Amino acid sequence: MTIEPLVLLANADKWLTESLESVLTQGGYRVIVTAKRSQVLDVARRQLPDALLLDMALEQRTTDSLALCRALRADPAISRATPIILTTAGPALRAQQLEALRAGAWELRGDPLDVEEMVLRLGVYVQGKLEVDRLGAEGLVDCASGLYNDEGMARRSAEMAAFTTRQVMPLACAVFQPVDGVLTAGGADRLAQAFHRAGRMSDAVGRTGPAEFTVFAPATDEASLEGLVQRIGDAVARSAAVKLRVGTSATPAMPRRSFASSLQAPRPTSTTDLLARARDALH
């Protein structure tokens, strides 16, 4: 492999974990290891692994042995192209394999575990995932800065809106433009690179015009939006020496009690409306 893909290995068996980690490392992978169920989702969100090897024994205290797999597959931060391979003690029965597939796993492997074959299959899966990432990046990212382009921003902000609606969180939008109007192409690219450095991992930051930059921030209400705008504006001003003007909009989180009486799932926030309101606030 030309790069070292990242594998999240979550297993309760210390001996098997050490064996798999050794084989994967020798095969050219970077490996993150945890034996705690409570850490898996958080680590996956932060590290964005290229594959997950998940031991079903981590679910032994839950009534749903595939709940963690479902949670990983449903999380918008984790690519649908990321392979999840489950392992279980004892033979993997056909009914278990079907349930694992329905939960979003690519495979369920039982004892005896053929480590060599599993790692070879993992290599095929990971190469496919990396190719999906490459093609997606080429079509959704601004080449000069690494920020989302218009299409990428539309897609990522829609994912964010769906997630924040499900989690009953507010979503905020901020649009930045230079005060002095049009910049040279080189100046606009340097400004874009400054925005890339200033953005938080949790936010979606995009180049939505030659010198227009949009930030969608989850779990951010109107009060905390002021701090975000100040922080980004100060960081970009120091780095690119460009004065900015900004327009903002935010949607509040809906109270949880309102969902209890609703017969339908809440409709995701319209990111198109948020963006339009933020642009209007520029003027």
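Quick caveat: nothing in here was measured; it's all calculated off a predicted structure.
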Under the ring-ring contact (aromatic ring centres under 6.0 Å, His included) rule, what pairs show up with a residue in [range], not counting sequence neighbours?
{"range": "residues 86-123", "result": "Trp106-Tyr125"}
{"range": "residues 38-59", "result": "none"}
{"range": "residues 232-252", "result": "none"}
{"range": "residues 138-172", "result": "none"}

What are the two closest non-hydrogen atoms of [X] and [Y], and how far apart are they?
{"X": "Thr82", "Y": "Pro49", "result": "CG2-O, 3.6 Å"}
{"X": "Ala100", "Y": "Leu108", "result": "CB-CB, 3.9 Å"}
{"X": "Gly104", "Y": "Cys69", "result": "C-SG, 4.1 Å"}
{"X": "Pro210", "Y": "Ala188", "result": "O-CB, 3.4 Å"}
{"X": "Gly110", "Y": "Ala92", "result": "N-CB, 3.8 Å"}

Run the numbers on Arg155 and Glu151 for salt bridge (charged side-chain N to carboxylate O under 4.0 Å, His left out), then give the verdict. CA-CA 6 Å; Arg155 185 176 302 183; Glu151 184 177 352; 3.7 Å; yes
Of [options], which meets side-chain contact (heavy atoms from CB on, under 4.5 Å) against [X]?
{"X": "Phe176", "options": "Thr248, Val205, Val246", "result": "Val246"}
{"X": "Val7", "options": "Asp50, Leu122, Leu52, Ile32", "result": "Leu122"}
{"X": "Thr17", "options": "Val31, Thr34, Val33", "result": "Val33"}

With sequence neighbours excluded, residues passing side chain to side chain contact (heavy atoms under 4.5 Å, CB included) with Leu120: Glu116
According to a hydrophobic-cluster definition based on side-chain heavy atoms being under 4.5 Å apart (Ile, Leu, Val, Met, Phe, Trp, Tyr only), do [X] and [Y] belong together?
{"X": "Leu282", "Y": "Met153", "result": "yes"}
{"X": "Leu48", "Y": "Ile84", "result": "no"}
{"X": "Leu101", "Y": "Val124", "result": "no"}

Short question: side chain of [X], backbone of [Y] - any donor-acceptor pair under 3.5 Å?
{"X": "Arg80", "Y": "Arg73", "answer": "yes"}
{"X": "Asn149", "Y": "Gly139", "answer": "yes"}
{"X": "Arg277", "Y": "Ala250", "answer": "yes"}
{"X": "Ser249", "Y": "Leu274", "answer": "yes"}
{"X": "Ser19", "Y": "Trp15", "answer": "no"}
{"X": "Arg231", "Y": "Ala198", "answer": "yes"}

Test log, rule side chain to side chain contact (heavy atoms under 4.5 Å, CB included), inputs Val242 and Val236: CA-CA 7 Å; Val242 174; Val236 171; 5.5 Å; no
Distance (rounded to the nearest 0.5 Å) between [X] [atom1] and [Y] [atom2]:
{"X": "Leu86", "Y": "Gln96", "atom1": "CG", "atom2": "CD", "value": "10.5 Å"}
{"X": "Leu171", "Y": "Met160", "atom1": "CG", "atom2": "CE", "value": "7.0 Å"}
{"X": "Leu244", "Y": "Ile232", "atom1": "CG", "atom2": "CD1", "value": "10.0 Å"}
{"X": "Asp13", "Y": "Asp55", "atom1": "CG", "atom2": "CG", "value": "7.5 Å"}
{"X": "Thr271", "Y": "Arg156", "atom1": "OG1", "atom2": "CZ", "value": "11.5 Å"}
{"X": "Leu275", "Y": "Asp280", "atom1": "CG", "atom2": "CG", "value": "9.5 Å"}

For side chain to side chain contact (heavy atoms under 4.5 Å, CB included), just list the numbers for Gln47 and Arg30, CA-CA rounded to whole Å, side-chain angles, deciding distance to a tenth of an Å, and then say yes or no. CA-CA 11 Å; Gln47 300 294 333; Arg30 293 173 293 132; over 6 Å; no
Heavy-atom side-chain contact between Arg121 and Ile85 under 4.5 Å: no
Verdict with reasoning, Gln26 to Ser22, per side chain to side chain donor-acceptor pair (under 3.5 Å): CA-CA 6 Å; Gln26 291 175 24; Ser22 176; 3.1 Å; yes
Can you run down the salt bridge (Lys or Arg N to Asp or Glu O under 4.0 Å) pairs that involve residues 197-226, sequence neighbours left out, and say none if there aren't any?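 Applying salt bridge (Lys or Arg N to Asp or Glu O under 4.0 Å) to every pair that reaches into residues 197-226, excluding sequence neighbours, yields Asp142-Arg207, Asp189-Arg207, Arg200-Asp203, Glu212-Arg279.
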In sequence, state the C-alpha distance, the side-chain angles, and the governing distance for Leu53 and Asn11, and then conclude on side chain to side chain contact (heavy atoms under 4.5 Å, CB included). CA-CA 8 Å; Leu53 296 181; Asn11 201 293; over 6 Å; no
CA sep, side-chain torsions, deciding dist, call: Leu66, Met56, side chain to side chain contact (heavy atoms under 4.5 Å, CB included): CA-CA 7 Å; Leu66 295 169; Met56 289 181 64; 3.8 Å; yes
Salt-bridge test for Asp133 and Lys129: reply yes if a basic N is under 4.0 Å from a carboxylate O, no otherwise.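 A salt bridge is present here (some side-chain N lies under 4.0 Å from a carboxylate O).
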